[in-house]
Amino acid sequence: MAKAAMLFNGIRYSFEVVDQAFNWAKLNNGILTAIFLRAKSDPGEGYIFPSDLDAAENLYTTDDSNAGHIAISDSNIRLLQHAAAVENIKVHSVTLIDPSRQQLLHELEGSECIFTSDDIHESGTLTVDSINIKKFLANAPVPVKIIKSRP
C-alpha cells in the first residue's frame, strides 16, 4: 500500500496541506502519516522594563502558556483524525518533541513523498529548532510537495 507523510511544525496546521495529502491518498489508495513536530516548550517572553506588568505576568505563567499551546496541537491532531474518518482515509499521527534528524527519518521511512506548507521552516509557537527544517527538506530522501499556505 502506498504511503505518504504530512509534516507540521509547532501549532501551525495547514488545511491546504491536508487537502493535497487527502487527494493523494484517494488517488493512490494510500495511507498517510501525519508528523507533528513540536518544541518541548516556548521560550518565555518577559518584559524589558519592570513595571506593573510584572504582576500581570505572574498571573499567566510560561507553564500555562505551554499547556495552552499543547492543547492547540492536540486539537489539531483530533481535527485531522476526524477529517480523515469522514473522508475514509487511513491516517496515523505521531508527535515528535524536539526530534533529531534520525527520529524524523525513521517516521518518514517507506513514504513516497512528503506534503508540507511553504512556511514550515519559519519560527513560531512551539516550532522546533533541534533540526534545520529547511535544510532537511532540501535533502529529503523522498520528493517534497511544498503547498502554498493562505495568508
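Numbers for residues simply follow the sequence, beginning at 1.
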Hey, could you give me the NE2/CD1 distance between His82 and Ile77, rounded to the nearest 0.5 Å?
16.0 Å
Does Tyr13 belong to the same Ile/Leu/Val/Met/Phe/Trp/Tyr cluster as Ile70, with side-chain heavy atoms less than 4.5 Å apart forming each link?
no
Treating Gln103 as the side-chain partner and Ser100 as the backbone partner, does any N or O pair qualify as donor plus acceptor under 3.5 Å?
yes
Of all heavy-atom pairs between Gly110 and Lys3, which one has the smallest distance, and what is that distance?
O-CB, 3.8 Å
Report yes or no: does Asn76 contribute a side-chain atom to a donor-acceptor pair with the main-chain N or O of Arg12 at less than 3.5 Å?
no
Taking all heavy atoms of Val128 and all of Pro99, pick out the closest pair and write down the distance.
CG1-CD, 3.8 Å
Main chain of Ser149, side chain of Asp118: is a donor-acceptor contact present, judged purely on distance under 3.5 Å?
yes
CG (Asn139) with more than 12 external heavy atoms under 6.0 Å:
yes
Side chains of Ser14 and Glu16: is there a donor and an acceptor less than 3.5 Å apart?
yes
Cluster question for you: counting only ILVMFWY and a side-chain heavy-atom cut-off of under 4.5 Å, with indirect links fine, are Val17 and Val91 together?
yes
Going from CG on Leu80 to CZ on Phe8, what distance comes out if it is rounded to the nearest 0.5 angstrom?
6.0 Å
With a 4.5 Å cut-off on side-chain heavy-atom distances among I, L, V, M, F, W and Y, is there a chain of contacts connecting Leu96 to Val144?
yes
Pairwise side-chain contact, Ile146 with Ser117, heavy-atom cut-off 4.5 Å (strictly under):
no
Quick one: CZ on Phe36 to OG1 on Thr95, what's the gap to the nearest 0.5 Å?
7.0 Å
Would you compute the distance between atom CG of Leu7 and atom CD1 of Ile120 and round it to the nearest 0.5 angstrom?
3.5 Å
Between atom CE of Met6 and atom CZ of Phe115, what is the distance when rounded to the nearest 0.5 Å?
9.0 Å
Would you name the heavy atoms of Gly30 and Trp24 that are closest together and state the gap between them?
CA-CZ3, 4.0 Å
For Ala21 against Leu32, the heavy-atom pair lying closest together:
O-CD1, 3.7 Å
Residue pairs fulfilling salt bridge (Lys or Arg N to Asp or Glu O under 4.0 Å) with at least one residue in residues 76-89, sequence neighbours excluded
Lys26-Glu87
Checking the side chain of Asn132 only, and the main-chain atoms of Lys134 only, is there a donor and an acceptor separated by less than 3.5 Å?
yes
Does the side chain of Leu105 reach to within under 4.5 Å of the side chain of Pro141, using non-hydrogen atoms?
yes
Hydrophobic cluster of Met1, others only, ordered by chain and residue number, side-chain cut-off 4.5 Å
Ile31
Does Val142 share a hydrophobic cluster with Leu137, counting links as ILVMFWY side-chain heavy atoms below 4.5 Å and allowing steps through other members?
yes
With no hydrogens and no angle check, is any side-chain donor or acceptor of Asn88 less than 3.5 Å from a backbone partner on Ala84?
no
Between Thr116 and Lys145, is a side chain to side chain contact (heavy atoms under 4.5 Å, CB included) present by the stated rule, with each step listed?
CA-CA 6 Å; Thr116 193; Lys145 299 182 185 294; over 6 Å; no
For the atom pair CG (Asp74) and CZ (Arg38), what is the distance rounded to the nearest 0.5 Å?
6.0 Å
Passing option when Leu37 is tested against Asn9, Val94, Thr127, Leu126 for side-chain contact (heavy atoms from CB on, under 4.5 Å):
Asn9
In one Ile/Leu/Val/Met/Phe/Trp/Tyr side-chain cluster, 4.5 Å: Leu108, Ile131
yes
Can you sort out the partners of Phe136 under ring pair (Phe, Tyr, Trp, His ring centres under 6.0 Å), two or more places apart, ordered by chain and number?
none
Ala5 versus Ile35, closest heavy-atom pair with distance
CB-CD1, 4.3 Å
